[in-house]
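Below: the structure, in structure tokens.
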Amino acid sequence: MALHLYDTATREVREFAPARSGTASMYVCGATVQGIPHIGHVRGALNYDVLRRWLVHSGLDVLMVRNVTDIDDKILTKAADAGRPWWEWAATHERAFEDAYTALGCLPPSIAPRATGHVTQMIELMRRLIDSGHAYAAEGNVYFSVTSFPDYGRLSGQRLDEMQQGETQSEGKRDPRDFTLWKRSKPGEPSWPTPWGPGRPGWHLECSAMATTYLGSEFDIHGGGVDLVFPHHENERAQSRAAGDGFARFWLHNAWVTLSGEKMSKSLGNVVSIPEMLRRHRAVELRYYLIQPHYRSTIEYSDAALSEAAQGYRRIEQFLRRVAGSAGEVRTGKVPMEFAEALDDDLGTPQAFAVLHNTVRDGNAALDAGDSAQAIALAESVRAMTDVLGVDPLSARWAEHGGAEAQALGELVHELLAARQRARAERDFATADTIRDQLTQAGIAVEDTPSGPMWTVRD
RNA sequence: GGCGGAGUGGCCGAGUGGUUCAGGCAAGGGCCUGCAAAGCCCUGUACACGGGUUCGAUUCCCGUCUCCGCCUCCA
């Protein structure tokens with residue numbers, strides 16, 4: 001089965017056929033860098049990272065753009081409140097997002113363009129829209145005329161005549177539902193010169209400009225959170241198609257992470273920030289937790305659920321360590337057909353994880369039965385799957401090869417375990433158990449295996 | 001008011017017109033172990049509610065209830 005994806009525009013799962021064979025182009029709406037990233041922000045990034053890895057695995061050359069919105073009302077007001085330059089505020093939080101993405105194992109995008117660096121392209125797009133009668137300048141603002149584009153509302157299923165208000169700002173608007181392409185700057189605000197006066201980008205324009213700059217007038221996938229369907233993506237689609245670009249062929253939208261049943265958002269204050277999460281949990285376990293449910297299903301966040309997911313991850317990790325420790329080197333093999341079919345079916349990560357766990361179970365059974373060849377084969381398959389999901393425990397990214405401290409710890413534990421083995425050999429189990437208890441007390445779990453004791457640091 | 005999503009066994013979380021079914025976590029029994037741990041095997045009550053279609057519905061249709069999201073900045 002070829003890859004199929006759910007397209008919001010058509011509301012159905014369709015076969016994914018890239019515009020240019022052999023390549024896949026995707027544009028993901030990144031962050032408005034006004035604050036610290038929370039768990040909801042990275043969920044989307046993680047979903048698209050898995051998709052991207054799967055596309056690469058499927059043999060496609062993937063171009064991925066993830067933008068940075070570095071100019072917007074909130075950035076200006078928050079920076080002003082903090083008494084800092086707006087550009088410093090944006091840069092600081094852009095780094096916070098970058099750090100979060102990196103910590104969670106997201107592959108870097110092909111490019112992470114900033115809105116402020118693409119004003120030239122925005123002006124060009126506005127000119128095309130004005131020339132074709134889809135946009136108009138008024139009092140230093142530039143608006144898109146929604147009634148000029150009959151298809152407006154198609155993506156989100158909104159009907160123009162059913163729409164309630166539009167944006168609040170409306171100086172010179174011909175129709176309250178028209179949206180802002182370009183905002184006239186107020187005194188003291190940052191601005192860029194345009195033929196219609198100095199101002200700054202409206203929110204939607206940048207994505208159209210940057211997506212087509214890097215990916216061409218038509219590209220394969222446009223992703224973002226469900227809240228972007230309207231108005232953001234609706235408006236992007238309208239302005240780009242009105243300007244004559246084919247724009248996105250597939251619109252993907254990931255669901256929320258909720259807390260106590262409610263959307264996580266800064267205005268509600270129910271935010272679980274990533275830096276905070278990473279202090280309390282291993283990044284790979286957080287990643288595992290966030291990519292396991294289907295990307296279009298809401299995740300109701302809870303510490304308990306995260307801990308359970310972590311247990312599941314450790315089971316996989318433990319299996320690979322067991323094999324690597326007793327049967328020999330584990331390379332990255334091939335993914336099972338059922339795994340591929342699961343991901344091909346609209347990125348069915350839940351089913352993919354089921355295949356992964358079944359393989360782990362079979363691998364453990366093979367190990368118990370002393371069938372090393374089979375155990376290694378299954379472990380290599382497990383590595384292939386975890387690699388696609390970005391959670392390979394043996395990868396350089398996640399393998400825990402500590403520095404000097406870890407090395408010192410290793411030596412100490414090694415000594416204690418050797419002493420314990422000597423005691424066991426003499427059937428002095430009291431001493432052996434005392435040593436094990438001491439280690440357990442210190443947070444180190446000891447497990448005896450046919451090939452000797454194994455130890456892990458538990459939290 | 002318009003558009004959309006959801007309600008599954010102790011918990012998380014898939015899926016399907018029927019018979020064997022996700023998967024994980026937790027629980028109980030067993031095997032293994034010096035004892036453990038890990039692992040493996042076995043076990044359990046599910047599909048919000050009320051109708052309808054059907055030989056048969058958790059799955060299709062209608063209705064009801066509850067929850068959530070979007071329509072204003074938001075992943």
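Owing to the predicted nature of the structure, the values given are computational and were not obtained by experimental measurement. Letters A, B, ... mirror the listed sequences (proteins, then strands); counts begin at 1.
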Nearest-nucleotide pick for N364(A), side chain only, options being C71(B), G34(B), G39(B): G39(B)
Per P231(A) side chain, nearest of listed nucleotides C71(B), C40(B), C11(B): C71(B)
Which nucleotides of RNA chain B pair, in dot-bracket form (Watson-Crick or G-U under 3.5 Å, | meaning another strand): (((((((..(((.....[....))).(((((.......)))))....(((((..]....))))))))))))....
Side-chain-base donor-acceptor pair under 3.5 Å for D448(A) and C35(B): yes
Side chain of P350(A) - closest among C25(B), G2(B), G13(B): G13(B)
Exam field: side chain D7(A) to backbone W251(A), donor-acceptor pair closer than 3.5 Å: yes
Could you list all N or O pairs between the protein and nucleotides 42-44 of chain B that sit under 3.5 Å apart?
none

Under 3.5 Å side-chain donor-acceptor pair for Y152(A) and N235(A): yes
Sugar-phosphate, base or nothing in reach of S297(A), heavy atoms under 4.0 Å: sugar-phosphate
Short side-chain N/O contact to A75(B) OP1/OP2 from T32(A), under 4.0 Å: yes
Rounded interatomic separation in angstrom, taking CD from Q421(A) and P from U33(B): 16 Å
Matching residue for H204(A) among Y143(A), F144(A), F179(A) - test: ring-ring contact (aromatic ring centres under 6.0 Å, His included): F179(A)
Short side-chain N/O contact from S307(A) to OP1 or OP2 of C25(B), under 4.0 Å: no
Side chain E308(A) and base G24(B) donor-acceptor under 3.5 Å: yes
Per E447(A) side chain, nearest of listed nucleotides A37(B), G34(B), C70(B): A37(B)
Options C70(B), A22(B), G34(B), nucleotide nearest the side-chain atoms of A354(A): A22(B)
From A14(B), G39(B), C35(B), nucleotide with atom closest to R322(A) side chain: G39(B)
Heavy atoms from other residues, nucleotides or ligands near CZ of R154(A) exceed 12 (cutoff 6.0 Å): no
Candidates C25(B), C3(B), C40(B) - which lies nearest the side chain of D368(A): C40(B)
Closest to side chain of K74(A), choosing from C71(B), A14(B), C73(B): C73(B)
D433(A)-T431(A) side chain donor-acceptor pair, cut-off 3.5 Å: no
Within 6.0 angstrom of R296(A) CZ, more than 12 heavy atoms from elsewhere: yes
Distance, P atom - from C68(B) to U8(B), rounded to whole angstrom: 15 Å
Neighbour count >12 (heavy atoms, 6.0 Å) for atom CD, Q441(A): no
Of the listed nucleotides A14(B), C70(B), C40(B), the one nearest the side chain of R361(A): C40(B)
Pair of N/O donor and acceptor under 3.5 Å linking A36(B) base with R436(A) side chain: yes
Donor + acceptor pair across side chains of D70(A), W86(A) (<3.5 Å): no
Aromatic ring pairing H118(A)/Y214(A), orientation class (parallel under 30°, perpendicular over 60°, tilted between): perpendicular
Polar side-chain contact D161(A)-G2(B) base: donor and acceptor under 3.5 Å: no
Under-4.0 Å side-chain N/O to phosphate OP1/OP2 contact, Q351(A) with G15(B): yes
Nearest-Å distance once atom P is located in both G7(B) and G44(B): 25 Å
G34(B) base / R424(A) side chain donor-acceptor hit below 3.5 Å: yes
Short side-chain N/O contact from H357(A) to OP1 or OP2 of G23(B), under 4.0 Å: no
Nearest-Å distance once atom P is located in both G17(B) and U58(B): 13 Å
Minimum-distance nucleotide to N358(A) side chain [options: A14(B), G23(B), G39(B)]: G23(B)
Gap in Å between the two C1' atoms, one belonging to C71(B) and one to U19(B), rounded: 47 Å
